[in-house]
There are 2 protein chains.
Amino acid sequence: MSAVATREQRPLRADAERSVRTILEAAEKVLAANPTASLEQVAEAAGVARTTVHRRFANRQALVDAMVRNVLDQVEAVIDSGHPDTAPPLVALHQITANVLAVKLGWPFAMQESFAPGSKWAEGQRHINARCVRLLTRAQAAGLLAPDTDLDWACKVYYALIGEAAHNTSSTDPQLLATKVVETLLHGVGPRA
Amino acid sequence: MSAVATREQRPLRADAERSVRTILEAAEKVLAANPTASLEQVAEAAGVARTTVHRRFANRQALVDAMVRNVLDQVEAVIDSGHPDTAPPLVALHQITANVLAVKLGWPFAMQESFAPGSKWAEGQRHINARCVRLLTRAQAAGLLAPDTDLDWACKVYYALIGEAAHNTSSTDPQLLATKVVETLLHGVGPRA
DNA sequence: ATCATCAGCAACAGTCGTGTAGCAGATACT
DNA sequence: AGTATCTGCTACACGACTGTTGCTGATGAT
């Protein structure tokens, strides 16, 4: 939970740690609205001086990195809590979808950034991706997916649907959105047989 | 086709017009790889001097605007050629999907930009969106979509699928990709009934 | 052939974002 | 209470990108 420090490894004082969190959250808000916003704007949104941002994060990249690592950790944790390897596939799929949606609703920029192609986070992406494929494989074995489905494609579609659902204006309830995502993933928008 | 001029309204000389096209295409390549690339990089990729870019486009925004308008026009034209209001819905859907995919494969940055939320292109988006909904309505009437399907959601899913298909590495054949997109849109990845 | 237009080039000014440094006052730890 | 740490503030240096101007030579149009 703590030690998000990027510049110093010495344990931070309580108020400094609070600053880090505040800056991360402000950066999420500001950069979500404008990915090229200056650190000045981030600092202003966080209610701190610009120099404080530089004090806690060596440079812009370090700040973004901290946001991405934060969100990747959240996603991993949230997948864990959905028991993807033991719960019934449909249950796990729904629960994990809802959980991931909740993360994405709160950290849209960091989420987008962590899944950007060709980034230094390919490793983190791969791990999550592997877990996704594993879950989909279980779903396929359970007959939820067609036997000849391309799982990589299914995975991409799944991500895309989560992305669209997060942009939705009608609702921000992860459970409702998850239902829509999973339904659409499995059956599309065509008539149910 | 011509008169893409952004700075002058007087008809351009032939070589100048060629410059404009070259710059637009170079900008697409460069900005697709890095949306914050400098105009210097664009100029270099186009094989012209930076000042020439400024000669043809008053500022960065004007350049991007030209790219977006270009792509919006292409998409409109490509939808036209699919006869969305007269051809059988499934045929039109497939053909338009393939056509739009072809555009998106060539102009990924401009496409992304023109569909960015909260941009000055909301008008253009709305028009295309309306045509998409109209086509989906016809598809629904033909029984291709469930009667209770939320068409706005279906539309978003459709766009997202096109986006994912365009990122696909396995194939760049619009026809094949379109098949995948339409299939997935209508039936998801679940087993066919 | 003549003339308007265009492109490359060099130089310049201005703006903005980044990153650093030092100091003074406030705040947390023990 | 004493000490180390943290923050805001001001100031500065630096680089990058932008946009303009004027010139010369080249090229298209008629």
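In the text below, chain A, chain B and the rest are named by the order of the sequence lines, each starting its count at 1. Remember, predicted model here, so these are calculated numbers, not experimental data.
Among residues two or more places apart in sequence or in another chain, the side-chain hydrogen bond (donor to acceptor under 3.5 Å, both in side chains) test is passed with B/Arg60 by none. Contacts of A/Gln95 classified as side-chain hydrogen bond (donor to acceptor under 3.5 Å, both in side chains), with partners at least two apart in sequence or in another chain: A/Asn99.
Atom CZ of B/Phe57 is separated from atom P of C/dA7 by 11 Å (rounded to the nearest Å). One interatomic measurement links the two molecules: CD1 of B/Ile23 to P of C/dG8, which rounds to 8 Å at whole-angstrom precision. Rounded to an integer number of Å, the gap from CZ of B/Arg21 to C1' of C/dC6 is 19 Å. Computed from coordinates, the A/His54 NE2 to D/dC9 P distance equals 16 Å when rounded to whole Å. Note: CD (A/Glu17) to P (D/dT7) measures 11 Å, nearest angstrom. Rounded to an integer number of Å, the gap from CZ of B/Arg56 to C1' of C/dC6 is 7 Å.
Side-chain nitrogen and oxygen atoms of B/Arg10 include at least one within less than 4.0 Å of the OP1 or OP2 phosphate oxygen of C/dT5. Dashed line: the shortest gap from a side-chain N or O of A/Arg60 to OP1 or OP2 of C/dT18 is under 4.0 Å. Residue A/Thr52 places at least one side-chain N or O under 4.0 Å from the OP1 or OP2 atom of D/dG8.
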I need a per-nucleotide contact map over nucleotides 21-30 of chain D, read 5' to 3'. Cutoff is protein heavy atoms under 4.0 Å; write B for the base, S for backbone only, - otherwise.
B-----BSS-
Give the C-alpha distance, both sets of side-chain angles, the deciding distance and a yes or no for salt bridge (Lys or Arg N to Asp or Glu O under 4.0 Å) between B/Glu183 and B/Arg192.
CA-CA 10 Å; B/Glu183 286 257 317; B/Arg192 294 287 292 268; 3.5 Å; yes
For A/Arg55 and A/Thr52: C-alpha separation, side-chain torsions, deciding distance, then whether side-chain contact (heavy atoms from CB on, under 4.5 Å) applies.
CA-CA 5 Å; A/Arg55 235 189 292 268; A/Thr52 300; 3.9 Å; yes
For B/Glu44 and B/Val30, what are the C-alpha separation, side-chain angles and deciding distance, and is it a side-chain contact (heavy atoms from CB on, under 4.5 Å)?
CA-CA 10 Å; B/Glu44 184 185 357; B/Val30 173; over 6 Å; no
Candidate pair B/Lys180 and B/Asp173, rule salt bridge (Lys or Arg N to Asp or Glu O under 4.0 Å), full reasoning
CA-CA 11 Å; B/Lys180 213 166 188 177; B/Asp173 176 17; over 6 Å; no
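Pairs passing the ring pair (Phe, Tyr, Trp, His ring centres under 6.0 Å) check and including a residue from residues 139-192 of chain A, sequence neighbours excluded, read A/Phe115-A/Tyr159. A salt bridge (Lys or Arg N to Asp or Glu O under 4.0 Å) check over residues 85-99 of chain A, counting only residues at least two apart or in different chains, returns the pairs A/Asp85-A/Arg134.
A/Arg50 comes within 4.0 angstrom of a base, heavy atoms only.
DNA chain D is contacted by B/Ser38, B/Leu39 of residues 37-45 of chain B, taking any non-hydrogen atom closer than 4.0 Å.
Residues B/Leu101 and B/Val91 do not share a hydrophobic cluster, clusters being chains of Ile/Leu/Val/Met/Phe/Trp/Tyr side chains in contact below 4.5 Å.
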